[in-house]
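Residue numbers begin at 1 in each chain, while the letters A, B, ... track the order of the sequences.
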Amino acid sequence: MPELPEVQTVLNGLEKALQGKTILSLECFYQGTVIIDPSLDFDPFPARPVSFVRRGKYMLIHLDSGISLIIHLRMTGKLVLDSTLPQADREILKHERARINLDQDCLLHFIDIRTFGKIVLCRTDNVPNYLPKLGLEPLSSEFTPQTLGQKLNARKAPIKTALLDQSIVAGLGNIYVCELLYRAAICPMTAATELSQKQVRRIAAETVKVLTEAIALGGTSISDFRRIDDKTGEFQNYLKVYQKNTCPNGHKVKRIVQAGRATFYCPLCQKQQNQ
DNA sequence: CAATGATCCTGTCCGC
DNA sequence: TGCGGACAGGATCATT
């Protein structure tokens, strides 16, 4: 389940892999995976990528033809670089939903078991119309205890649920929210509106720390996340509560369900009265 | 506007 | 061995 660090890892890999290459075409093998803006009235290929931008869990690849690719991996999407065979000889892989053909006999397979991932092709000036309302970028200067507190304190929902809302903070998912709340020693059931400034400061600090550490380690490979070279990330080896039986202090980790999603936390380390 | 629930989809795992 | 059901869960849409 790619969250911000996994998306950044993939995007970094793409930037390297596409260096000096030209995109020749985009193929779709599953109805709905590739969405082409209806107002696109010319063939945007061949085109060269000019910039690679991440916004929340969205990857934006801007091309020199004034067109952009918007890629979202959702839960099981993977991009796999392949330069092993002449393009014409490559069969469609299992669960391959789309393909980005490059020159130099390279291509990117878009593999997505559960078919929720999307690739949108649209004019660069039209990109914002394809993105939902996204909140603070946790690794940008706009992410401060002040801006975060302002948004969180306006919500009655539990802090765990509020942090998963992409219109509050963009890029967090279930794994990193559980992890950062443990590190900040905040009980996941605490109403966001009731968080003290001190608690918000800890949440902001631990969010930046856990995301930065995870990016440095190439993300978390919990189920099937892979880098584009198909290697696994390393951060799963550093998780403290997510899918764990005990926390680093040896306490029993509890699993509850909030807003339909599993929450892992330590009732001893994350007490509600921790100020 | 906020909060909730259903939906999309397939592989894996568990109990019987 | 196989079958049904729960679970995994990001984002979107409809509903309250």
Residues two or more places apart in sequence or in another chain: which of them pass side-chain hydrogen bond (donor to acceptor under 3.5 Å, both in side chains) with Gln236(A)?
->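 Residues passing side-chain hydrogen bond (donor to acceptor under 3.5 Å, both in side chains) with Gln236(A): none at all.
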Please set out all donor-acceptor pairs under 3.5 angstrom arising from side-chain atoms of residues 156-163 of chain A, sequence neighbours excluded.
{"residue": "Lys160(A)", "atom": "NZ", "partner": "Asn174(A)", "partner atom": "OD1", "Å": "2.8"}
{"residue": "Lys160(A)", "atom": "NZ", "partner": "Ala262(A)", "partner atom": "O", "Å": "3.3"}
{"residue": "Lys160(A)", "atom": "NZ", "partner": "Thr263(A)", "partner atom": "OG1", "Å": "2.9"}

Atom [atom1] of [X] and atom [atom2] of [N]: how far apart are they, to the nearest Å?
X         : N       : atom1 : atom2 : answer
Glu3(A)   : dA11(C) : CD    : C1'   : 14 Å
Leu164(A) : dA11(C) : CG    : P     : 9 Å
Ile35(A)  : dT12(C) : CD1   : P     : 10 Å
Lys133(A) : dT12(C) : NZ    : P     : 12 Å
Leu4(A)   : dA11(C) : CG    : P     : 11 Å
Lys78(A)  : dG11(B) : NZ    : P     : 13 Å
His95(A)  : dT10(B) : NE2   : C1'   : 7 Å
Leu134(A) : dG10(C) : CG    : C1'   : 12 Å

Run the side-chain donor-acceptor check on residues 17-29 of chain A: report pairs under 3.5 Å with partners two or more places apart or on a different chain.
{"residue": "Lys21(A)", "atom": "NZ", "partner": "Ala17(A)", "partner atom": "O", "Å": "3.1"}
{"residue": "Ser25(A)", "atom": "OG", "partner": "Asn101(A)", "partner atom": "ND2", "Å": "3.0"}
{"residue": "Glu27(A)", "atom": "OE1", "partner": "Asn101(A)", "partner atom": "ND2", "Å": "2.9"}

Hey, is CD on Glu213(A) packed in by over 12 heavy atoms from elsewhere, all under 6.0 Å?
->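 Buried by this count: over 12 neighbours within 6.0 Å.
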All pairs passing salt bridge (Lys or Arg N to Asp or Glu O under 4.0 Å) where residues 163-178 of chain A contributes a residue, at least two apart =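 Qualifying pairs, neighbours excluded: Arg155(A)-Asp165(A).
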Between dA11(C) and His72(A), is there an OP1 or OP2 to side-chain N/O distance shorter than 4.0 Å?
->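 Yes.
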Any chance the side chains of Ser39(A) and Arg123(A) put a donor and an acceptor closer than 3.5 Å?
->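 There is such a pair between these side chains.
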Closest nucleotide of DNA chain C for Val257(A) versus for Tyr58(A): which of these residues is on the 5' side?
->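 Whichever sits nearer the 5' end wins; that is Val257(A).
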At under 4.0 Å between heavy atoms, what does Gln166(A) touch on the DNA or RNA strands: base, sugar-phosphate, or nothing?
->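 Sugar-phosphate, no base atom in range.
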Can you give each donor-acceptor pair under 3.5 Å made by side-chain atoms of residues 127-136 of chain A, sequence neighbours left out, with the distance rounded to 0.1 Å?
{"residue": "Asn129(A)", "atom": "ND2", "partner": "Asn126(A)", "partner atom": "OD1", "Å": "2.2"}
{"residue": "Tyr130(A)", "atom": "OH", "partner": "Asp37(A)", "partner atom": "OD2", "Å": "3.0"}

Heavy atoms under 4.0 Å is the rule here; annotate nucleotides 2-9 of chain B 5' to 3' with B where the base is hit, S where only the sugar-phosphate is, and - elsewhere.
-> -S----BB
